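Take a look at the structure below.
Keep in mind that what you see is a predicted model, and the values were worked out from it rather than measured.
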Amino acid sequence: MKKFMDENFLLETETAQELFHNHAAKMPIIDYHCHLIPEMVANDHKFKSITELWLGGDHYKWRAMRTNGVNEKYCTGNDTDDWQKFEKWAETVPYTFRNPLYHWTHLELKTAFGIEKQLSPKTAREIYDECNEKLQQPEFSARGLMRHYHVECVCTTDDPIDDLRYHKQTRESGFEIKMIPAWRPDKAMNIEKPDYADYVRKLAEVSGLEINSFAAMVDALQKRHDFFAENGCKLSDHGIEEFYDEPYTDSQIETIFEKALRGQQLSALEIRQYKHAFLRVCAEMDHAADWTQQYHYGAIRDNNTLMYNKLGADTGFDSIGEFNTARSMSHFLNELNMEGRLTRTILYCLNPCANEVIATMLGNFQDGSCPGKIQFGSGWWFNDQLDGMTKQMNALSVLGLLSRFVGMLTDSRSFLSYPRHEYFRRLLCNLLGNDVEKGLLPNDSEALARMVEDISYNNARNYFKFY
């Protein structure tokens with residue numbers, strides 16, 4: 001019987017073990033999509049407890065706790081203390097067998113704090129006290145944890161109206177790890193939201209432009225896009241339920257925009273036309289600035305608006321739904337490509353039944369301008385686990401070039417989430433090691449090592465042009 005989470009965790013062959021320990025493990029981390037709070041990096045935040053560091057803002061853990069029957073006050077409540085919240089999490093952990101949370105929890109305890117005990121009600125107090133004691137040490141601050149995990153660069157997720165003051169503060173402080181903003185204009189796109197007109201007013205104030213038309217809106221966005229570029233931004237990100245393919249005219253978009261500013265009800269068609277136009281404009285800006293654009297699609301968000309943290313869920317598209325989405329995606333990308341305005345693009349999907357669709361779509365728009373110009377993003381959100389990441393890599397391997405993959409990201413708010421890169425790298429090495437042992441790949445140590453190091457780090461470094 002193999003020991004739980006030993007040094008060869010997830011590594012089933014000698015080849016996999018050699019690839020991970022001698023090649024993958026040593027590579028720095030480029031975390032090109034995360035939700036860290038920039039202020040915490042700028043001020044080198046000191047965490048008052050493991051509860052703040054571990055449970056604050058972590059909707060994965062809250063979701064598991066609620067499912068385990070834990071009252072909301074122990075998740076997001078203000079009338080319970082840190083120990084009470086941690087104790088409820090410790091009670092939940094033994095029930096997370098075969099959920100990725102069990103692996104993540106113990107990888108984080110082991111790699112950050114050197115704790116190899118399993119978290120449970122029996123060990124909760126001991127682990128809580130040990131973690132809190134270590135958190136008083138300087139190396140366990142926000143920046144200290146980033147150094148500990150050999151992070152080289154992180155890209156936060158930032159709204160166009162953000163002033164990026166904390167990115168500037170971090171840069172001017174001399175902190176050796178890059179913190180780069182990433183443009184996330186979802187609030188400017190979501191014209192159906194009741195607070196849309198209020199958001200447009202804020203954008204007008206920040207940009208210093210009057211916004212009374214869609215054309216003026218585009219001017220304001222371009223001004224903010226330029227500001228982000230001046231502050232080191234190299235990539236954008238869009239959270240969309242699906243791709244949009246509805247034909248529109250400029251006059252139609254102007255009418256739709258004016259109706260939204262007046263608070264008038266929009267039809268489903270008008271909303272889709274607007275989002276199509278909006279995404280086109282953003283894609284053109286990204287191409288002109290030589291940015292990478294990312295599309296996270298397939299999540300139905302804000303399902304339970306009573307919850308403090310609004311969680312998303314898999315859309316559950318059937319085969320027809322995925323076909324229609326793929327067709328819209330193809331048309332959207334093709335419009336840009338035909339005009340010479342398709343920049344480097346990463347596609348993430350929440351529905352694993354679309355893996356082969358996405359992996360096939362990549363090849364339609366590769367143009368030889370750079371390796372892997374159109375990327376299939378790593379397993380995202382609920383696919384960010386052993387099965388989901390393995391399926392994504394298998395689909396990419398069969399229908400594209402896994403060797404040109406830009407690899408893993410945390411997509412997390414936590415400074416303890418960097419072991420997800422280790423988890424991914426172990427799975428990658430295991431995948432390749434198994435193929436070698438089965439005779440499906442040659443035992444070419446030099447080629448395999450290069451592939452592992454490229455996917456772990458080198459491909460991302462070259463692709464995003466951060467340096």
Check: Q392 side chain, F376 main-chain N or O, donor-acceptor pair, under 3.5 Å: yes
Donor + acceptor pair across side chains of R450, N458 (<3.5 Å): no
Greater than 12 external heavy atoms within 6.0 Å of Q265's CD: no
From F97, Y60, Y423, residue fulfilling ring pair (Phe, Tyr, Trp, His ring centres under 6.0 Å) relative to Y102: F97
F464 ring center within less than 6.0 Å of F466 ring center: yes
Test side chain to side chain contact (heavy atoms under 4.5 Å, CB included) applied to Y463 and Y32, step by step: CA-CA 11 Å; Y463 184 81; Y32 56 88; over 6 Å; no
Lys/Arg N to Asp/Glu carboxylate O, D290 vs K465, below 4.0 Å: yes
Pair D58 + K61, salt bridge at N-O below 4.0 Å: yes
Listed partners of S445 passing side-chain hydrogen bond (donor to acceptor under 3.5 Å, both in side chains), at least two apart: none
Spacing of CG belonging to L399 relative to CG belonging to L362, to within rounding of 0.5 Å: 8.5 Å
Side chains of D158 and W183, donor plus acceptor under 3.5 Å: no
Any donor-acceptor N or O pair under 3.5 Å, side chains E335, H276: yes
Sub-4.5 Å side-chain heavy-atom contact between L402 and M393: yes
Step-by-step ring pair (Phe, Tyr, Trp, His ring centres under 6.0 Å) determination, F214 to F278: CA-CA 9 Å; F214 182 67; F278 183 90; 7.2 Å; no
Polar side chain donor-acceptor pair, S417 to S412, under 3.5 angstrom: yes
Side chain proximity check, T345 to D286, heavy atoms < 4.5 angstrom: no
K373 NZ: over 12 foreign heavy atoms closer than 6.0 Å: yes
Salt-bridge criterion met for D159 and R184 (N-O under 4.0 Å): no
Y248 side chain to E270 side chain, donor-acceptor N/O pair below 3.5 angstrom: no
Donor-acceptor contact below 3.5 Å, side chain D444 vs main chain E446: yes
Row check, F9 ring normal vs R425 NZ/CZ: under 6.0 Å, within 45°: no
Main-chain N/O of W291 paired with T343 side-chain donor or acceptor, under 3.5 Å: yes
N8 side chain to H21 side chain, donor-acceptor N/O pair below 3.5 angstrom: yes
Student check: side-chain heavy atoms of H296 and I240 closer than 4.5 Å: no
Note: K391-D387 ion pair, threshold 4.0 Å (strictly below): yes
E39 and R165 ion-paired at < 4.0 Å: no
Contact check, side chains of C282 and H238, non-hydrogen atoms, under 4.5 Å: yes
Test item: side-chain donor near acceptor, E72 and T76, under 3.5 Å: yes
By side-chain hydrogen bond (donor to acceptor under 3.5 Å, both in side chains) - contacts of Y418 (at least two apart): none
Criterion side chain to side chain contact (heavy atoms under 4.5 Å, CB included) on W62 and T92, from CA distance to verdict: CA-CA 10 Å; W62 295 343; T92 299; over 6 Å; no
K168, NZ: over 12 other non-hydrogen atoms inside 6.0 angstrom: no
Presence of salt bridge, E422 and K110, under 4.0 angstrom: no
I256 vs Q273 side-chain heavy atoms within contact, under 4.5 Å: yes
Pairwise side-chain contact, Y199 with D195, heavy-atom cut-off 4.5 Å (strictly under): no
Donor on one side chain, acceptor on other, S251 and T249, under 3.5 Å: yes
Parallel, tilted or perpendicular, as decided by the 30° and 60° cut-offs, for the rings of H59 and W381: perpendicular
Verdict with reasoning, T111 to Y149, per side-chain hydrogen bond (donor to acceptor under 3.5 Å, both in side chains): CA-CA 9 Å; T111 59; Y149 283 113; 2.7 Å; yes
Heavy-atom closest contact (A188 atom, Y274 atom, distance): O-OH, 3.5 Å
Within-4.5 Å side-chain heavy-atom neighbours: Q222 and V281: no
Pair H106-F4, ring pair (Phe, Tyr, Trp, His ring centres under 6.0 Å): steps then yes or no: CA-CA 10 Å; H106 293 98; F4 173 67; 5.8 Å; yes
Axial cation check for F20 ring with R426, 6.0 Å and 45° limits: yes
Whether Y348 and H33 hold their rings parallel, tilted or perpendicular, with breakpoints at 30° and 60°: tilted
Salt-bridge present (K275, E192; N to O < 4.0 Å): yes
N190 and Y196, any side-chain heavy atoms less than 4.5 Å apart: no
Nearest heavy atoms of E437 and E14, plus distance in Å: OE2-N, 4.4 Å
Side-chain donor/acceptor of H287 to backbone N/O of G340, under 3.5 Å: yes
Side-chain donor-acceptor pair present, Y244, E242, cut-off under 3.5 Å: no
Close aromatic pair by centroid cut-off 6.0 Å: Y297 and F243: yes
